[in-house]
Structures are given as structure tokens and as C-alpha cells.
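Beneath this line is the structure, given in C-alpha cells, with notes to follow.
Please read all numbers here as calculations on a predicted model, not as lab measurements. Throughout, protein chains are lettered first and strands after them, A, B, ... in sequence-line order, and every chain is numbered starting at 1.
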Protein chains: 2
Amino acid sequence: MTEHPFHKHINSFVSLTDTDFQTILTFFKEQHFQKKELLLGAGDICNNNFFVVKGCLHMYFINDRGTERTVQFAIENWWLTDFLAFQKQSASEFYVRAIEDTDVLSIRHNNLEALLEQFPIMERYFKSIYRIAYGSSLNRTKYLFDFSKEEIYFHFVDHFPEFAQRVPQYLIASFLGLTPEYVSEIRAKKRS
Amino acid sequence: MTEHPFHKHINSFVSLTDTDFQTILTFFKEQHFQKKELLLGAGDICNNNFFVVKGCLHMYFINDRGTERTVQFAIENWWLTDFLAFQKQSASEFYVRAIEDTDVLSIRHNNLEALLEQFPIMERYFKSIYRIAYGSSLNRTKYLFDFSKEEIYFHFVDHFPEFAQRVPQYLIASFLGLTPEYVSEIRAKKRS
DNA sequence: CGGATCGTTGATCAACTTCAACGGTCGTGG
DNA sequence: CCACGACCGTTGAAGTTGATCAACGATCCG
């Protein structure tokens, strides 16, 4: 029997028996979302935290001019939600939507509390998750700051070629903070 | 006897007896740094994590053109270090420097491991710390993206007036990703 | 007093956005 | 299975934001 991807992921941070993992799974709901389906709306109470088993999500907001801005992608083995709102059980600042057909494990706030109560070792797991996410976010800030938009774009496609494959160009633009038109332009320039 | 600020901060997330807190303190080193003093250099192995008891730090890097870019400030009750490098015990991407005379509690990586071993409840505390830091970082990303530089500046001074007081203008500029000259310009424009 | 530090001002210019129009491709319904 | 529309990428012209550079002022502190 092959190990569940989520169990494998947890085990890369802390050790968990198969029995414990099976119990832990009961705190979650397995859900499938179709491409373009909405998991969380801005303004909704943020009840759920999502773990991507297979597929791809993005979290975004819509600004005054009506354009979408992606703040985070999540592929296999990433957690995604509006963490501040999830914690406070308040209205989400962001939308979460499936980019591809996606399988997630979702957990409600009260179930996560109960899970942590019963399995304190999972505190350690989530500590690691948040620490990595925060570190990555700071590194991203570094690039957003310092590089020109052109450098930002090529840095991204060089470092995460798998994204460039999976995700449409206009979403990458939305993630990196430039316009689709400008992406076209610098790609054309590069080609020549 | 007044409660130690660090104990107070921990207690806002988890409950800790005074005895336990006194033991926990022994894992830390109390340090004082003068204004402008360096706590961590880019390229150094990142051994320490810093908790600000009193004062103000900033974390920054220096880009190709030789200009400083601040990725994070830390005032009272904030943790600061290059978390990715701290975890991997690798070379830091960033500098950490005191902006004011600052008292910190610093903890080495192996001591933190030992502390968490002995007081598993602190896993929960650090989980909360990282989650908040990550959430805040995502929110900051939101503003960096979406607002014009002018909006970014005024949003910051409106929301964190205490910073605008304590921190020189050129450091705020370095944090927000604009030039000191441009800050001058928009402040002048606003005044008229 | 003299130097270092920090903020200001103005001119020039490049990077990037905005807007409008077009073309290719994919999927869905007739 | 074809046709139509939605979706996505491209192109080019015009306009704007914000960086860069250089010089000057103000203030603080030894």
C-alpha cells in the first residue's frame, strides 16, 4: 500500500505512525474542485485551510480598477488560505480558486484546534509549514523589490519552470505584478 | 514584581508558569546593541534568532547598485532573523542591524531545539509567531503590488505612525521600495 | 566650528502601464 | 463535425510614474 501524499509530507517534518495518520485524516474533508471553481470568496468568513493533494490553486484579490492580483499559488503539498482571517475566524481578504482540477484536504478551524489538542506533535509540523512560508514570502519580497519587472519575470520562469508550464501567462503576470502586455513585449524582445 | 515583557508576550499565546519561564530564559542570551551596530551579516552562518525586548532592528540586503533594501523592521515583541537560513544553519541572505539602542534576547539554533524538546508547548507559541508573520507578509505583498508608490507611502505612515516617528525617512523609503527623493516629492505635493 | 547625516529640489529619462485592435486556439452546442 | 464564441496572447502608439543624478540646505553632534 502506497503512503498517502499528506502522510509523506508530514513525515518529512515529524514522525507519525500510520494509525495516527489515519485518525488525523478523519479531521479533514476530502474535496474535489473543478478548474475555475471557487474555494473561498473575499468577504466570506475564512473557515477552512486547504492542503493541495493534486492540482493547483491560487489566492488573489481584486483591486479598485477591477484587475486581479495573485498573492500566492499552491501546488501539491502546499497549504493555502488567508491565514490571518482563518486564525481570527474573520472575513477573508482574498479569493481562493482552482486553476486546474484539484484535490484538496480541507480542515475547519475548530477541527484544526481539536486536532492540535489531540496530536500536539502537529504543532511542530505547522510551525515548520508557517516558517517556510514566511521565509519564502520574505525572499519573494526581496525579488519584487530589487529586480526590474523584466528580471522578475525571467527569474521566475527560470526558477519555477514547472509553473510556467502549468499556469497561463496572464496569471503569472498577475502574480509577479506586471501586465500581460508587458510580458508579451519582453518575451518578444528576448526571442530576437 | 513586574512580569518580563517576553513572558507577557508568550502568555498572550500560551500559558506558562513563572518557574517555567525562568527556566526558558536560561536558553537565551540577553544582549544590548548600540544604534547602527550589526547583529548579523549577509553571508554569515545564521546562528541566532532575535527577540526585541526594547528598541528597533531592521533586516536588509544590498543590491547590485549598492543600495540598501529593508525587508523587515522589528520593534518590541517581534522576532527577527533570516528564518530560512536559521533553519538550515546556512549563510544569511540578509543583514540585521540596530536602528536604535536595542535590548534583545538571542537564542542559538541548538538551544532553540533543546528548548522545544524540553517545552513542547513552545512549538505552539512559535507556530503562532510564524503564522502571524506570514500573514502580515502576504498582506504587505498585497499593498506593494496594488498601490502606487504614493499610496504605499501614505498607507504606511497612516497605519504605522509610531514608525514614522521612530525611523528615519530614508529607511522607510528603503522598506517601501521607493527612493528618498521621491518621498520628499510626494510629501511636498501633499503639503500644498 | 566643521563634518557627517539626512532631507529637499529640479531636470532628465527610462521603464512600464494603458488602451485599442487583432489573431490564434480550444471547447462546446447545434 | 463544423462554427461560433470565449479565452488568451500579441502588437503598437501614447502617456505616466517614478528613478537617477547633481547640487544645495538644514540639523545634529563631537
Proximal nucleotide (of [options]) relative to the [X] side chain:
{"X": "B/Lys36", "options": "D/dG18, C/dT8, C/dC6", "answer": "C/dC6"}
{"X": "B/Ser184", "options": "C/dT8, D/dT11, C/dC6", "answer": "C/dT8"}
{"X": "A/Glu181", "options": "D/dT11, C/dT8, D/dA19", "answer": "D/dT11"}
{"X": "B/Lys149", "options": "D/dA19, C/dT17, C/dT9", "answer": "D/dA19"}

Protein-nucleotide distance ([X], atom [atom1]; [N], atom [atom2]), rounded to Å:
{"X": "A/Gln169", "N": "D/dC8", "atom1": "CD", "atom2": "P", "answer": "12 Å"}
{"X": "A/Lys189", "N": "D/dG12", "atom1": "NZ", "atom2": "P", "answer": "14 Å"}
{"X": "B/Lys35", "N": "D/dC29", "atom1": "NZ", "atom2": "C1'", "answer": "11 Å"}
{"X": "A/Glu150", "N": "C/dC16", "atom1": "CD", "atom2": "C1'", "answer": "11 Å"}
{"X": "B/Phe147", "N": "D/dT17", "atom1": "CZ", "atom2": "P", "answer": "17 Å"}
{"X": "A/Arg187", "N": "D/dG12", "atom1": "CZ", "atom2": "C1'", "answer": "18 Å"}
{"X": "A/Glu185", "N": "D/dA14", "atom1": "CD", "atom2": "P", "answer": "15 Å"}
{"X": "A/Lys190", "N": "D/dT11", "atom1": "NZ", "atom2": "C1'", "answer": "20 Å"}

How are the rings of [X] and [Y] set relative to one another: parallel (under 30°), tilted (30 to 60°) or perpendicular (over 60°)?
{"X": "A/Phe13", "Y": "A/Tyr125", "value": "perpendicular"}
{"X": "B/Phe33", "Y": "B/Phe50", "value": "perpendicular"}
{"X": "B/Tyr130", "Y": "B/Phe83", "value": "perpendicular"}

In the structure I gave you, are the side-chain heavy atoms of A/Phe147 and A/Phe154 within less than 4.5 Å of one another anywhere?
no
Quick one, B/Glu113 and B/His109 - any side-chain contact, counting heavy atoms below 4.5 Å?
yes
Would you say A/Thr179 reaches C/dT17's phosphate, i.e. side-chain N/O to OP1/OP2 under 4.0 Å?
yes
Answer yes or no: does a side-chain N or O of A/Tyr182 lie under 4.0 Å from OP1 or OP2 of C/dT17?
no
